[in-house]
Number of protein chains: 2
Amino acid sequence: MKPVAGTRGALIGPAGQENGYVMKDKTITIYDIAQEAGVSPSTVSRVLTGNAHVRREKRERVQNLIDKYNFVPNALAKGLSDTMTRSLGVVAADIRNPFYAAVFMACEQAAERLGYTIGLFNSLNRVENEEEQIEKFRQQKTDAIILLGGRVDDLVTNTQFAEHVRDVCRTTPVVVTGKLDRTPCYSVRIDASAAMRQLMDHLFSFGHERIAMIGGRLDVTSTYEKYQTYSAMLHERGIRENGEYVVSGGYDYQSGYDGMNRIFALRERPTAVVAINDFAATGILRSIIEHGLSVPDDISVVSFDNTYLSELTIPKLTTTDYDYDHFGRLIAETAIAAAEHREPDPEVRVGTTLVVRESSGPASV
Amino acid sequence: MKPVAGTRGALIGPAGQENGYVMKDKTITIYDIAQEAGVSPSTVSRVLTGNAHVRREKRERVQNLIDKYNFVPNALAKGLSDTMTRSLGVVAADIRNPFYAAVFMACEQAAERLGYTIGLFNSLNRVENEEEQIEKFRQQKTDAIILLGGRVDDLVTNTQFAEHVRDVCRTTPVVVTGKLDRTPCYSVRIDASAAMRQLMDHLFSFGHERIAMIGGRLDVTSTYEKYQTYSAMLHERGIRENGEYVVSGGYDYQSGYDGMNRIFALRERPTAVVAINDFAATGILRSIIEHGLSVPDDISVVSFDNTYLSELTIPKLTTTDYDYDHFGRLIAETAIAAAEHREPDPEVRVGTTLVVRESSGPASV
DNA sequence: GGAAAAATCGCAATCGGTTGCATGTTGCTC
DNA sequence: GAGCAACATGCAACCGATTGCGATTTTTCC
């Protein structure tokens with residue numbers, strides 16, 4: 001930037017406008033305000049931050065100028081001298097997924113209430129991207145970094161990724177919605193196990209015994225926990241676990257659709273299926289309809305997440321809800337508390353609620 | 001921040017770790033690198049930015065240290081002296097809406113490729129929020145601000161909002177996906193009129209004449225354009241426009257559902273309905289099913305946006321697609337070009353493609 | 001009324017970079 | 001080998017805030 005002629009704090013000229021073309025106004029600084037108010041920049045800074053004594057008369061004089069010029073302090077400069085930028089960096093696996101969108105929103109709202117700003121980035125689940133963005137946030141000196149889904153959940157690539165995160169943790173607190181072993185970061189996550197329990201209990205109460213589980217990769221922590229619980233609960237009831245009923249895959253429509261088609265290839269089909277999430281459930285619904293059966297009369301379908309998808313399918317889905325506002329708030333609060341060295345609980349799990357809608361019913365004979 | 005003892009650029013100590021507790025590492029700066037490399041900070045800066053001559057030997061010496069310490073230049077400091085932060089601020093109406101999510105993602109990907117970072121904020125359509133966030137971005141000195149949907153589309157509150165935006169435009173380029181009259185900001189938007197034309201032609205080709213339009217507020221620019229085209233095309237065909245067939249409302253599931261129920265209250269029902277977007281279409285589908293009719297046999301349903309929703313409904317929706325990657329790229333490129341004073345086209349419209357799926361068919365008798 | 005305590009407020013350093021200017025160095029040309 | 005352009009590199013100012021220190025003014029209290 002070219003140095004401005006004269007010393008700091010030149011006079012504030014009239015807003016620039018030149019023969020039709022918009023001209024950038026000179027950005028005004030505390031020096032400008034200070035000069036016009038006849039005080040020192042320090043004083044302006046003090047009325048800005050508010051935590052110091054300034055004589056009433058001067059305070060008002062300065063405040064008026066601030067209002068008059070619609071002055072906003074430069075966050076970069078502030079961050080530079082403060083070491084606190086009051087900003088959080090979020091890396092989300094895929095913001096198009098309604099689950100992440102909901103969490104992000106809640107998180108962002110909470111952060112905002114606490115006076116923090118949020119930067120978002122989508123990793124699209126590519127590791128390089130994720131690491132790259134974490135670096136970018138580090139450059140920007142965000143006070144904390146939040147990882148929504150993505151690699152934090154993946155037990156396989158976990159090792160090398162954890163390595164990187166571990167490195168980052170040494171300079172910036174990191175909170176993840178998954179589990180990263182032996183890494184000093186905060187974890188705030190859904191109690192996947194409890195959610196599965198609710199779903200299974202619900203199905204049992206309807207007399208289901210042949211229950212399938214479709215979608216999700218077992219190397220993802222939350223999915224693994226779900227499977228563990230699924231398996232355990234069948235055993236508790238003395239029901240033989242049928243390996244063919246567990247079809248792993250992804251977390252989208254197609255995975256649900258393909259998975260259910262696989263199920264239909266079996267000689268004995270289940271009376272109920274648990275989808276890994278609402279998204280997959282929609283694919284499952286489609287497959288069932290295409291096979292000429294109906295939900296829940298022939299087959300019950302339940303899923304996780306209670307995103308808005310579960311209300312717009314036909315039939316509406318029975319799912320588990322997480323109170324997104326609460327979830328998001330916990331994430332934001334944890335991140336901020338960590339940023340402010342208030343040592344938050346390093347591991348928080350949030351509960352779930354069963355939401356019964358139309359897609360589940362008594363087991364067919 | 002407490003001043004560090006000694007002069008600038010103390011020696012780099014070993015990574016801090018203390019009886020189990022993680023300790024923040026000292027953040028290293030170009031001064032540290034400079035000292036250890038035995039050169040001046042200017043030189044380090046020069047190898048960092050790359051656009052200056054540095055003797056090969058020194059360049060390598062510095063580069064090695066940068067790698068060794070995994071040094072990342074402080075973006076705040078850089079932004080302070082540069083006046084370019086290479087960051088964009090995005091204010092989205094509601095990121096949970098798959099349309100905005102898709103646009104945002106595309107936009108973000110494009111910006112990233114161009115070396116820019118993105119900050120996101122959700123206005124949830126509340127004006128104060130929107131203005132407040134714009135201010136926040138201004139403080140952060142983002143090089144440009146992008147407004148996705150929200151108030152930029154609203155013709156009513158437009159006046160006062162435009163006032164504010166006009167103010168912002170004087171310091172930061174603004175690009176909107178709508179239309180803001182008499183405001184010096186860039187507009188990149190869907191050709192809503194063309195999209196409607198494709199939908200109507202498609203329906204006409206199936207012999208439909210009694211066509212309803214459900215959802216959307218006429219005081220929103222894009223919706224108004226759609227309605228204008230809808231109306232004009234009926235007239236072209238010499239079809240009398242039935243006022244009761246135009247049911248305005250919101251842009252969500254409920255609006256579609258309620259709107260369609262209203263239609264069913266009429267004595268003569270339409271043979272086809274155009275939903276304001278995929279979201280509303282899902283509600284319409286529900287209403288039709290509940291009335292014991294089927295799509296598209298009894299009624300055809302078409303909509304706008306081609307979000308992933310249109311593929312997971314039963315039946316899958318016929319909609320208009322926008323090539324989101326292209327759309328997002330245009331937005332990002334416009335914003336960046338403006339930021340770099342390269343005067344981009346102030347008004348760009350992106351075309352649409354009809355995607356025929358299962359929800360439309362011949363008019364029933 | 002006078003002294004100590006408290007409130008004001010400016011100076012100047014600092015955060016971590018970038019860059020114009022000035023001062024060498026090198027390399028080329030003839 | 002002289003002359004000159006291009007290259008290298010350091011110094012110091014600057015971006016726009018914050019803040020400790022110390023000087024000055026007010027208040028408060030006996």
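Numbers restart at 1 for each chain; the letters A, B, ... are given by sequence-line order, proteins then strands. Everything numeric in this text was worked out from a predicted model, so none of it was measured.
To the nearest 0.5 Å, atom CZ of residue B:Phe121 and atom CD of residue A:Gln109 are 7.0 Å apart. Atoms NZ and OG1, from A:Lys141 and A:Thr172 in turn, are 7.0 Å apart once rounded to the nearest 0.5 Å. One distance of note links OG of A:Ser87 with CD1 of A:Ile118; it measures 9.5 Å at 0.5 Å rounding.
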Next item on the list: Output, in order, the C-alpha distance, side-chain angles, deciding distance and verdict of salt bridge (charged side-chain N to carboxylate O under 4.0 Å, His left out) for B:Glu340 and B:Arg342.
Entry: CA-CA 5 Å; B:Glu340 297 174 353; B:Arg342 295 200 317 268; 2.2 Å; yes
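Listed candidates were C:dG17, D:dA17, D:dT18. Nearest to the side chain of B:Ser81 is C:dG17. Each of D:dG10, D:dG16, C:dT8 was ranked by its minimum atom distance to the side chain of B:Lys58; first place goes to D:dG10. Closest to the side chain of A:Thr43, from the set C:dA7, C:dG17, C:dC9, is C:dC9. Listed nucleotides C:dG16, D:dT18, D:dG16 differ in distance to B:Thr29; the shortest reach to its side chain belongs to C:dG16. Residue B:Tyr31 places its side chain closer to C:dT18 than to any other of D:dG16, D:dG10, C:dT18. In the set C:dC9, C:dA12, D:dT18, D:dT18 carries the atom at the smallest distance from any side-chain atom of A:Ile30. Taking every side-chain heavy atom of B:Ser42 into account, D:dC11 is the closest of D:dT19, D:dC11, C:dG16.
When rounded to the nearest whole Å, the span between NE2 of A:His53 and P of C:dA7 equals 5 Å. Rounded to whole Å, the distance from CG on B:Asp32 to C1' on C:dT14 is 15 Å. A:Glu57 places its CD atom 12 Å from the C1' atom of C:dT8, with the value rounded to the nearest Å. Rounded to an integer number of Å, the gap from A:Asp82 CG to C:dG16 C1' is 14 Å. Whole-Å rounding puts the A:Asn74 CG to C:dG17 P distance at 16 Å. Residue A:Arg138 contributes atom CZ, which lies 15 Å from atom C1' of C:dG16 at whole-angstrom precision. The CD atom of B:Glu60 sits 16 Å away from the C1' atom of D:dA8 (whole-angstrom rounding). The distance from atom CZ of B:Arg56 to atom P of D:dA8 is 12 Å, rounded to the nearest whole Å.
Comparing B:Arg55 and B:Lys78 by the nucleotide of DNA chain C that holds the closest heavy atom to each, the one mapping nearer the 5' end is B:Lys78. Toward the 5′ end of DNA chain D lies the nearest nucleotide of B:Gly38, the other residue of the pair B:Ala77 and B:Gly38 mapping further downstream.
At the heavy-atom level, B:Val44 lies nowhere under 4.0 Å from the strands shown. Within 4.0 Å (heavy atoms only), A:Val54 reaches sugar-phosphate atoms of the nucleic acid but no base atom.
The base of C:dG10 is paired with the side chain of A:Arg46 by a donor and an acceptor separated by under 3.5 Å.
B:Val188 approaches B:Val175 most closely through the heavy-atom pair CG2-CG2, 4.4 Å.
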